[in-house]
Amino acid sequence: MMQQTGIIQERYHRQVLLKEFGEQGQQRLAEAKVLVLGAGGLGCPALLYLAAAGVGTLGIVDFDTVSISNLHRQVLYGTEDIGQLKVLVAEQKLKAINPDINILTYPAKLDTALCLELFDSYDIILDGTDNFATRYMVNDACVLLQKPLVYGAVSRFEGQVAVFATDKTAVNYRDLFPQPPVEGEVLNCAEAGVLGVLPGIIGSMQANEVIKWITGMGEVLKNQLYTYHALYNQHMTVELSVVEENRKWMPKNEQEFLSTNYEWLCGIGVDAKEIDSKQLEALIAQEKLLVIDVREEGELPAITGVQHLKMPLSGLKEQLHTIDADTVVFICQSGKRSLQAANWLAEINTRINIYSLKGGVLHWKTYKQ
Ligand SMILES: Nc1ncnc2c1ncn2[C@@H]1O[C@H](COP(=O)(O)OP(=O)(O)OP(=O)(O)O)[C@@H](O)[C@H]1O
């Protein structure tokens, strides 16, 4: 036991030497539980440094397997790992670096239910994922569960880092980016490219923020956004503040969170927001469905058999902010105006599940006969 303690002391000797860190810092790391989301470009360097530094428990979530185009930046993997699950290779490599820590792997695609299941048992979350749907979801889960979140992102030669803390004055991802970008506006690494070393820098910075948060050393990037440009060595720290207006569509409780479709609100599957009459009948059987008829006054046939609101398309834009329900279905005569209405609401609302009835009332009436 004495000998093992000696080896452990030697392993961490150079960081324990730092008076700001010391034995207390090492102890705090050993007791900490850190969850890393995504074992890709950002997750790999972050995991390497967190494991090497002696974080007691590391959780890793990723559903993906290693591919050859990952290898220039995902430094935990080698050519022989192609085709293997990232979390399993990562676990093996990290264990070889530091056998004294616990590693828990989750080979799954993170969704709302998994966020609620996992986040609670960790002290801090590091987001190394690469898509907007996951970032908004992770942010909202961390706000709901009061978990600190270390955010990072890279594209081409630029990267950014921020820490979303848990107190009332703390900024979160929605203050920074109120709306997901429209489809195609921001390209991911696979489309835009990325210099391999950049996620190395940004992921390492995320690990540094985690270590500072846990040990209490220095200052974390709370209410600040750090940006870095690798080509010109330009960097900037911007002060951020809470923007209440940006938060109005955030889920207010776990139930609302679970019923939010993050992929859909980020424009993934936007074309699928039309439903047919059969799907509408199934939705009507559910509670909290709001049906809105966007035809103008006096248009026939009338909608019967389901409670609904009348909001003619001509005045709808002014009324959009009053719409509040888990699920809304817009209906018009043939399905064109209702699709327009659904798009308008989707632009300003990131929480409601919004649908348009394909074929409109005419199709629905025929279906019911
Ligand atoms: N919802 C999610 N649940 C679990 N893992 C996720 C989720 N979203 C993204 N990831 C993981 O985050 C990692 C992000 O890594 P990175 O940005 O380097 O891109 P990549 O998907 O590995 O590669 P490329 O974009 O070049 O195909 C990936 O390993 C991906 O599988």
Side-chain angles (χ1 to χ4, degrees), residues 34-48 50 58-79 81-94 103-119 122 125-142 149-161 173 180-181 184 186-207 230 257-258 260-269:
V34 179
L35 183 62
V36 175
L37 309 176
L42 296 169
C44 284
L47 284 162
L48 277 167
L50 293 173
L58 272 178
I60 316 171
V61 186
D62 203 308
F63 61 88
D64 200 11
T65 54
V66 178
S67 59
I68 194 159
S69 61
N70 295 153
L71 300 183
H72 84 297
R73 66 188 190 285
Q74 304 191 12
V75 290
L76 272 171
Y77 317 121
T79 312
D81 302 317
I82 291 170
Q84 305 290 322
L85 267 175
K86 288 181 182 178
V87 288
L88 298 185
V89 182
E91 179 184 28
Q92 219 176 26
K93 303 271 167 86
L94 297 171
I103 298 174
L104 302 169
T105 54
Y106 308 98
K109 183 162 184 194
L110 196 68
D111 59 12
T112 50
L114 192 57
C115 287
L116 295 186
E117 194 184 317
L118 287 186
F119 288 13
Y122 288 87
I125 317 292
L126 186 154
D127 187 1
T129 64
D130 58 348
N131 58 84
F132 291 99
T134 308
R135 287 198 190 117
Y136 279 96
M137 175 178 73
V138 166
N139 177 74
D140 292 357
C142 286
L149 171 63
V150 179
Y151 154 78
V154 289
S155 180
R156 290 169 52 79
F157 303 104
E158 286 184 77
Q160 45 187 236
V161 188
Y173 188 69
V186 179
L187 301 179
N188 63 27
C189 290
E191 295 157 334
V194 66
L195 198 65
V197 72
L198 182 66
I201 294 168
I202 299 297
S204 303
M205 288 194 70
Q206 288 181 274
F257 175 68
L258 286 169
T260 303
N261 185 340
Y262 284 90
E263 294 210 329
W264 186 77
L265 77 85
C266 288
I268 301 162

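Read the numbers this way: they start at 1 and go in the same order the structure lists the ligands and their atoms.
Atom CG in Leu50 sits 11.0 Å away from atom CD1 in Ile103 (nearest 0.5 Å). Taking CD of Gln92 as the reference point, atom CD of Gln84 lies at 8.0 Å (rounded to 0.5 Å).
For ligand 1, the atoms sitting less than 4.0 Å from at least one non-hydrogen atom of Lys86 are 22 (O), 28 (C), 29 (O), numbered in the order shown with element in parentheses. Atom numbering of ligand 1 starts at 1 in the shown order; those under 4.0 Å from a heavy atom of Ala108 are 3 (N), 4 (C). Atom numbering of ligand 1 starts at 1 in the shown order; those under 4.0 Å from a heavy atom of Asn131 are 8 (N), 9 (C). Each of the atoms 22 (O), 23 (O) of ligand 1 lies under 4.0 Å from some heavy atom of Asn70.
Tyr151 pairs by the ring pair (Phe, Tyr, Trp, His ring centres under 6.0 Å) definition with Phe164, Tyr173, not counting sequence neighbours. The side chain to side chain donor-acceptor pair (under 3.5 Å) test applied to Asp62 returns no partner, not counting sequence neighbours.
If you look at Leu110 next to ligand 1, the close heavy atoms, those under 4.0 Å, come from the backbone and the side chain alike.
When the options Gly41, Pro199, Ala133, Ala39 are ranked by their closest heavy atom to atom 18 (O) of ligand 1, first place goes to Gly41. Taking each of Met137, Arg73, Glu263 in turn, the one with a heavy atom nearest to atom 20 (P) of ligand 1 proves to be Arg73. The option with the heavy atom closest to atom 17 (O) of ligand 1, from among Leu114, Asp130, Val66, Asp127, is Asp130.
Below 3.5 Å of separation, one finds no N or O of Ser69 facing any N or O of ligand 1. Looking at ligand 1, you won't find any N or O of Gly38 less than 3.5 Å from one of its N or O atoms. Considering backbone and side-chain atoms together, Thr129 places no N or O closer than 3.5 Å to any N or O of ligand 1. Distances between N or O atoms of Lys109 and those of ligand 1 include no value under 3.5 Å.
Summarising the geometry of Asp127 relative to Gln206, their closest heavy-atom pair is O-NE2, 3.0 Å, with the distance given to 0.1 Å. Shown here for Ala39 and Cys44, the closest heavy-atom pair between the two residues is O-SG, 3.6 Å.
Counting only heavy atoms from C-beta outward, the side chains of Leu71 and Ile82 approach each other to under 4.5 Å. Leu85 is not listed as a side-chain neighbour of Thr105, based on a closest heavy-atom distance of 4.5 Å or more.
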